[in-house]
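The structure under discussion appears below in the form of structure tokens.
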Amino acid sequence: MLVLTRKVGEKLLVGDDITISVIEVNRGSVRIGVEAPRNVSVLRFEVYERIQEENLTASRAASATNIQQAATLWRTKGLAKEGKGGGK
Amino acid sequence: MKIDTKQFGTIDIEDGKVYTMPDGMPGFLSMKRFVIIEREDIWPFQCYQCLDDPGLSFFIMNPYLFKADYTVDMEQAAIEAGWEDDDPGDIKLYVIVNTSAGIPEKITANLIGPLVINTRRFEAVQLVLHNSPYSHQHLIFDAPARQNIVSA
């Protein structure tokens, strides 16, 4: 990991087209600005980790038996019967 | 074509409908090729089966069946995936469900990591929604008032 010290108002350039700016520093937190092309996603790291963890858990738990039970429950409750296939 | 699956054994699926995920999925970055298996016995769920690993599969669902007001910025999704000029009608949304709670009443859906499927290009991506009011563990069967709302 590259570790750098920046003062408020200073910036970093990542690659050719991503700029990271230090906007404000308060006790315990820093306000960071990111300029990046629209096709580059910028995330709080814990959000990505949450998706990753959820994918791992969901894949491990996936079983034909328990999804059949959920499907039966859906039909028992008389819930939406729209045609097959994905969303709008 | 015939494929091997951990869930359903060796099964026959329609040729050609293989979706490529160029960057894999969080947690499974090297898994690139998937198919969607539709079966009467699991409807309204579908099986999202990895062809690179027969042991890897997810169950997925059309989120609008249980959350009619589910909103995803599809324009931004298309830009991130490189599909700007595509017909929105070619792009379908699914969410991955999680049965780890052990009982069907507690099945949850990940509303901040939807699967976006391009049915013309046969590509798919998993979006990571930031600043979203939705939960990664949204109870499919419970009443809205009792949902966990976790802000990203």
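Residue numbering restarts at 1 for every chain, and letters A, B, ... go by the order of the sequence lines.
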(Q) Give me the atom names and distance for the closest heavy-atom approach of A:A71 to B:F45. (A) N-CE1, 3.6 Å

Q. If every non-hydrogen atom of A:N55 is compared with every non-hydrogen atom of B:F58, which pair is closest and at what distance?
A. O-CE2, 3.3 Å

Q | A:R75 versus chain B, the contacting section by heavy-atom distance below 4.5 Å | A | side chain

Q | Side-chain donor/acceptor of B:Q137 to backbone N/O of A:E54, under 3.5 Å | A | no

**Q.** A:K77 side chain near B:E105 side chain, heavy-atom distance below 4.5 Å
**A.** no

Q) Which answer fits B:T108, side chain, backbone, both or neither, if we ask what part of it has an atom under 4.5 Å from a heavy atom of chain A? A) side chain

Q: Against chain A, label B:Y48 side chain, backbone, both or neither, depending on which of its atoms sit under 4.5 Å from a heavy atom there.
A: neither

Q | Closest heavy-atom pair and its distance - B:N98, A:A61 | A | OD1-CB, 4.3 Å

Q.
Would you say that A:R44 contacts B:N131 through its side chain, given a criterion of any heavy-atom pair below 4.5 Å between the two side chains?
A. yes

Q | Structural part of B:L29 lying under 4.5 Å from a heavy atom of chain A | A | side chain

Q | Side chain B:Q7, main chain A:A64, donor-acceptor under 3.5 Å | A | yes

**Q.** Contact check, side chains of A:I67 and B:V97, non-hydrogen atoms, under 4.5 Å
**A.** yes

Q: Locate the shortest heavy-atom distance separating B:S100 from A:T57; write the atom from each residue and the value.
A: OG-CG2, 3.5 Å

Q. If you tally heavy-atom pairs under 4.5 Å against chain A, which of B:I42, B:I107, B:L127 wins?
A. B:I42

Q | Heavy-atom contact with chain A under 4.5 Å, split by part of B:E84 | A | neither

